[in-house]
Amino acid sequence: MSSDSFAQEIDEGHDGAEAHSHESDAPRAMNVRPILIDTDPGQDDAIAILLALASPELEVTAITSVAGNVPQPLVTENSLGLLALAGREDVPVYRGCERPLLRDLVTAEYVHGPTGVDGAVLPPASVGVRSTHGVDHIIDACLEAPDASVTLCPIGPLTNIGMAIAKEPSIVGKIREIVWMGGAFDEAGNTTAVAEFNAYVDPHAAHIVFTSGIPLTIFPLDVTHKALMLPHHVEALASYGTPIAEAAAGMIRYYEIYDVDKYDLPGAPLHDPCVIGYLVDPSLFRGSSHHVRIDTTNEETIGNTYVEDSAGEPNATIITDVDAERFFTLVVERIGEM
Ligand code: RIB
Ligand code: CA
């Protein structure tokens with residue numbers, strides 16, 4: 001399928017999924033889209049954050065950290081260290097939740113290493129975490145914003161987002177789109193047979209988000225397992241030779257060990273950067289709108305995300321395909337040239 005037709009494949013059912021037109025090549029004034037990244041870095045989170053900082057189409061207004069791949073305070077410290085690495089300590093970091101809403105915290109050091117960003121040593125941050133809690137910052141940022149203007153990019157468990165909606169339901173009308181990496185539909189899970197990690201860690205928070213009415217675009221394993229960063233991509237990134245490029249390549253080389261061994265893949269699925277790639281260039285992806293749900297009922301199936309279109313109107317756009325070569329060209333060139 002040509003990349004142009006990818007643009008038309010994304011269902012227009014939700015606000016964020018504008019089709020990407022190639023009608024005019026005339027330079028257009030760029031509308032910079034402000035985004036808030038909620039994250040549990042995590043090497044793939046790190047690549048997503050660097051890609052966002054490197055993309056003039058986006059303005060990262062804040063980072064909120066959430067316990068996931070590794071616990072607090074590591075996810076907060078890693079967020080601060082990544083901004084120091086990128087020379088972007090102007091971006092504020094807010095520490096979010098320490099644990100899921102109901103379930104005990106499950107972490108993933110077996111994938112990400114004890115620091116969460118093994119494969120690189122991040123520079124010390126010279127700016128500390130802000131004093132406002134991450135959940136309260138999400139609420140404050142939404143309440144201060146015009147209606148339907150805020151883009152939230154959760155790339156970890158949905159704990160902070162779910163808690164913010166529960167604490168202040170009026171933020172729902174302020175949110176233009178939630179773009180989340182999580183879930184697995186036709187694809188098997190990566191944490192249990194049926195559950196993807198972000199969905200598994202906090203399924204109750206995901207249920208709050210899925211039932212909120214907020215326009216939701218989901219990047220499940222169905223598409224991220226097609227976004228494999230192959231050795232030639234990693235070498236191309238490393239060849240830029242900058243501290244950022246070397247740190248990014250080092251993190252990917254560490255991070256890929258688990259998935260390459262477990263799934264016998266030719267490269268590591270770069271889950272979280274798909275969220276940013278979509279916001280930069282939606283023509284890279286295609287998906288369709290469905291009514292999605294998440295199982296919170298029993299230990300065997302908890303965290304399983306599934307489509308039940310008979311249960312109600314579409315509440316999410318599920319992204320299922322990516323133009324992988326164009327996506328990785330974007331990732332490598334943007335981060336390489338930072
Ligand atoms: O299942 C992949 C997701 O879980 C990614 O967001 C990764 O960073 C971990 O949080
Ligand atoms: Ca993550």
Side-chain angles (χ1 to χ4, degrees), residues 35-52 63-72 74-76 78-79 82 96-97 99-100 103 105-113 115-120 134 152-161 178-185 187-203 205-206 209 217-229 248 251-252 254-260 262-263 265 267-278 294 302-305 318-319 322 331:
I35 65 171
L36 184 154
I37 298 177
D38 186 75
T39 180
D40 61 335
Q43 291 91 346
D44 61 322
D45 303 68
I47 302 303
I49 291 166
L50 292 173
L51 178 61
I63 288 179
T64 52
S65 65
V66 64
N69 286 322
V70 289
Q72 295 280 14
L74 276 175
V75 287
T76 301
N78 293 340
S79 300
L82 283 163
C97 290
R99 52 152 299 158
R103 290 170 64 80
L105 177 62
V106 171
T107 54
E109 289 88 345
Y110 57 92
V111 176
H112 299 276
T115 72
V117 286
D118 285 55
L152 301 179
C153 302
I155 51 178
L158 285 165
T159 312
N160 290 337
I161 314 298
I178 291 177
V179 190
W180 177 53
M181 189 279 138
F185 293 88
E187 187 83 352
N190 62 2
T191 303
T192 68
V194 295
E196 176 277 330
F197 180 79
N198 291 338
Y200 179 77
V201 169
D202 201 338
V209 173
T217 302
I218 299 177
F219 284 78
L221 297 181
D222 305 64
V223 65
T224 66
H225 277 176
K226 299 173 184 173
L228 303 181
M229 191 154 191
M251 283 189 277
I252 293 164
Y254 181 94
Y255 160 79
E256 71 183 9
I257 295 167
Y258 180 81
D259 279 292
V260 166
K262 175 176 179 178
Y263 297 107
L265 294 174
L270 271 203
H271 305 287
D272 296 337
C274 288
V275 164
I276 305 302
Y278 161 79
I294 186 163
I302 198 161
N304 177 35
T305 51
I318 303 174
I319 303 296
V322 57
V331 171

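First listed ligand is number 1; within each ligand, the first listed atom is number 1. Just so it is clear, the values below take in all heavy atoms, side chains as well, and ignore hydrogens, waters and symmetry mates. Because the structure is predicted, anything quoted here is derived from the model rather than measured.
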Novice: Using 3.0 Å as the cut-off, note every protein N, O or S atom close to the Ca ion (ligand 2).
Specialist: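 Listed by chain and number: D40 OD1, D45 OD1, D45 OD2, I155 O, D272 OD2.
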
Novice: Who are the side-chain hydrogen bond (donor to acceptor under 3.5 Å, both in side chains) partners of D272, not counting sequence neighbours?
Specialist: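 For D272, no residue satisfies side-chain hydrogen bond (donor to acceptor under 3.5 Å, both in side chains) once neighbours in sequence are set aside.
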
Novice: Once you restrict both partners to nitrogen or oxygen, which atoms of ligand 1 have a protein partner under 3.5 Å, and how far apart are they?
Specialist:
from     : atom 1 : to   : atom 2 : distance (Å)
ligand 1 : 1 (O)  : N190 : ND2    : 2.9
ligand 1 : 1 (O)  : E196 : OE2    : 2.6
ligand 1 : 4 (O)  : N198 : OD1    : 3.2
ligand 1 : 6 (O)  : I155 : O      : 3.0
ligand 1 : 6 (O)  : N198 : ND2    : 3.0
ligand 1 : 6 (O)  : D272 : OD1    : 2.6
ligand 1 : 6 (O)  : D272 : OD2    : 3.1
ligand 1 : 8 (O)  : D44  : OD1    : 2.6
ligand 1 : 8 (O)  : D44  : OD2    : 3.1
ligand 1 : 8 (O)  : D45  : OD1    : 2.8
ligand 1 : 8 (O)  : N69  : ND2    : 3.0
ligand 1 : 8 (O)  : D272 : OD2    : 3.1
ligand 1 : 10 (O) : D40  : OD1    : 3.4
ligand 1 : 10 (O) : D40  : OD2    : 3.0
ligand 1 : 10 (O) : N69  : OD1    : 3.1
ligand 1 : 10 (O) : N69  : ND2    : 3.3
ligand 1 : 10 (O) : N198 : OD1    : 2.9

Novice: Using side chain to side chain contact (heavy atoms under 4.5 Å, CB included) as the criterion, list what pairs up with A46, not counting sequence neighbours.
Specialist: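 By the side chain to side chain contact (heavy atoms under 4.5 Å, CB included) rule, A46 matches L82, M251.
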
Novice: Is any side-chain heavy atom of N69 less than 4.5 Å from a side-chain heavy atom of F197?
Specialist: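 SC-SC contact between N69 and F197 confirmed.
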
Novice: Flag the pair W180 / V275 as yes when at least one side-chain heavy-atom distance between them is below 4.5 Å, and no otherwise.
Specialist: no

Novice: Taking C-beta and beyond as the side chain, do V75 and T39 meet within less than 4.5 Å on heavy atoms?
Specialist: no

Novice: Could you tell me whether the side chain of D38 reaches within less than 4.5 Å of the side chain of I161, counting heavy atoms only?
Specialist: yes

Novice: Should E196 and T305 be marked as a side chain to side chain donor-acceptor pair (under 3.5 Å) after you check the CA-CA gap, both sets of side-chain angles, and the distance that decides it?
Specialist: CA-CA 8 Å; E196 176 277 330; T305 51; over 6 Å; no

Novice: Check the orientation of H225 and H271. Use parallel for under 30°, tilted for 30 to 60°, and perpendicular for over 60°.
Specialist: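 If you compare the ring of H225 with that of H271, the planes turn out tilted.
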
Novice: Under a 4.5 Å cut-off applied to non-hydrogen side-chain atoms, are N198 and D40 in contact?
Specialist: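 Yes, at least one pair of side-chain atoms sits under 4.5 Å.
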
